Amino acid sequence: AMIEARDGITGLHIKNTSNFVNILTHAMQNSPKYADRITDDYAQMVSAAAKLHDIGKIAVPDYVLQKPGKLTEYEIMKKHPAEGARIIKETLGKLENDEYVHIAYNMAYYHHEKFAGGGYPCNLKGTEIPLSARIMAICDVYDALRSNRHYKEGFSVEKSVSIIRESRGSHFDPDITDIFLQHIDEMEAVFIQNNSFYIFQQCKFFCSNFFDTIRISSDNIKTFIVEL
């Protein structure tokens, strides 16, 4: 909520990505490769921890988060994974289940790593990247592709899927990519539902403020007339 109040988009991004992660992890349970690794408890913890993956943006200055044009302050923005991991460790380390904290830490710290290497902050590759972070990575990027940002319009489903497919094995774990794309219709249904509700809430907020302004102006006029 703190970040959403600053940049206006992170709250929706968190909702979308956590929903994507939930769909993906449950789909992965049906894959022979992941059935033993992704228990119901693990899937639940990964879905919940996804909501914290961008918590490090709290430390990113407003002039970067709210920049109207294309982002150029990459080195500043690239600090948010490590900062997020630090926040999770320091704030949740003694309060939450150890496995949950470990998962949340990994998702915050490593979700910008790339499967073939070249990501940040640690330039990990392949299975060096924790499974939870590999799951988070593809969900994070798909929402970024589909969504409007200060500097771009959201891409179409077709273009977004094409980019994800082209990034199979380079940016994303190839097996996870295949499962993600097999469930793209479910991802899209959630994306459309969340974005429609967000737009409705924004309209409701602005309309409420508009009518409050009219009411205040009307009251001021009445007060002025009475005083005359």
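Below, all heavy atoms of this structure are taken into account, side chains as well, without hydrogens, waters or symmetry copies. Worth saying up front: this structure is predicted, and the values here are computed from it rather than measured. Along the sequence shown, residues are numbered consecutively beginning with 1.
- Atoms CG and CD, from D41 and Q44 in turn, are 6.5 Å apart once rounded to the nearest 0.5 Å.
- In terms of heavy-atom proximity, G169 sits nearest to P174 at CA-CD, 4.1 Å.
- When side chains are defined from C-beta on, L52 does not count as touching I87, because their heavy atoms never get closer than 4.5 Å.
- Using a 4.5 Å heavy-atom threshold, the side chains of E186 and N19 count as separate.
- Hydrophobic clustering (side-chain heavy atoms under 4.5 Å, transitive across Ile, Leu, Val, Met, Phe, Trp, Tyr) keeps Y74 apart from Y120.
- Between the K152 side chain and the S147 main chain, a donor and an acceptor come within less than 3.5 Å of each other.
- Using modelled atom types, no side-chain atom of S196 and backbone atom of Q193 make a donor-acceptor pair closer than 3.5 Å.
- Closest non-hydrogen pair, N148 versus G154, comes out as OD1-N, 2.7 Å.
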Show me the side-chain donor-acceptor pairs of residues 103-110 shorter than 3.5 Å, one per line, residues at least two apart or across chains.
residue, atom, partner, partner atom, Å
N106, ND2, H102, O, 3.4
N106, ND2, H102, NE2, 3.3

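- Not less than 6.0 angstrom separates the ring centroid of H112 from the ring centroid of H171.
- Minimum interatomic distance between A59 and E83 (heavy atoms only, all atoms of both residues): CB-CG, 3.4 Å.
- The backbone N or O of Y100 sits less than 3.5 Å from a side-chain atom of N97, completing a donor-acceptor pair.
- Note on L181 and I38: same hydrophobic cluster, where clusters join Ile, Leu, Val, Met, Phe, Trp and Tyr whose side-chain heavy atoms are under 4.5 Å apart, directly or indirectly.
- For the pair H53 (side chain) and A50 (backbone), a donor-acceptor distance under 3.5 Å is present.
- Looking at every heavy atom in both residues, E113 comes nearest to G119 through OE1-C, 3.7 Å.
- Applying the ring pair (Phe, Tyr, Trp, His ring centres under 6.0 Å) test to every pair with at least one member in residues 177-196, sequence neighbours left out, gives these pairs: Y142-F180.
- With hydrophobic clusters built from ILVMFWY side chains whose heavy atoms lie under 4.5 angstrom apart, I55 shares a cluster with I135.
- Inter-residue side-chain proximity for S167 and F115 is flagged as unmet; no heavy-atom pair is nearer than 4.5 Å.
- Checked by atom type and distance alone, the side chain of E73 never pairs as donor or acceptor with a backbone atom of V64 at under 3.5 Å.
- Here the side chains of T25 and S47 are in contact, with some heavy-atom distance below 4.5 Å.
- Between R149 and H13 the shortest side-chain heavy-atom distance falls below 4.5 Å.
- Under the 4.5 Å side-chain criterion, counting only non-hydrogen atoms from C-beta, L145 is not in contact with V161.
- Residues N16 and N195 form a side-chain contact, since some pair of their non-hydrogen atoms from C-beta on lies under 4.5 Å apart.
- Separating the CD1 atom in I164 from the CD1 atom in I138 is a distance of 5.0 Å, to the nearest 0.5 Å.
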Would you please test M136 and T17 for side-chain contact (heavy atoms from CB on, under 4.5 Å) and show each step?
-> CA-CA 8 Å; M136 188 72 246; T17 52; 3.6 Å; yes

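- The two residues K125 and G117 have their closest heavy-atom pair at CB-N, 3.7 Å.
- Using a cutoff of 4.0 Å between basic side-chain nitrogens and carboxylate oxygens, E188 and R146 are scored as salt-bridged.
- L12 contributes atom CG, which lies 6.5 Å from atom CG of D143 (distance to the nearest 0.5 angstrom).
- Rounded to the nearest 0.5 angstrom, N123 CG and E128 CD are separated by 8.5 Å.
- Of the inter-residue distances, the one linking Q29 atom CD with T39 atom OG1 reads 7.0 Å to the nearest 0.5 angstrom.
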Verdict with supporting geometry, N22 and V46, side-chain contact (heavy atoms from CB on, under 4.5 Å) = CA-CA 8 Å; N22 184 54; V46 171; over 6 Å; no

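- We find that E75 and K79 are not joined by a salt bridge, their nearest charged nitrogen and carboxylate oxygen being 4.0 Å or further apart.
- The side-chain heavy atoms of S170 and K114, taken from C-beta on, include no pair separated by under 4.5 Å.
- Here the straight-line distance linking atom CG of D173 with atom CG of D178 works out to 9.0 Å at 0.5 Å rounding.
- Within the cation-pi definition used here (under 6.0 Å to the ring centroid, within 45° of the axis), K159 qualifies as a partner of F155.
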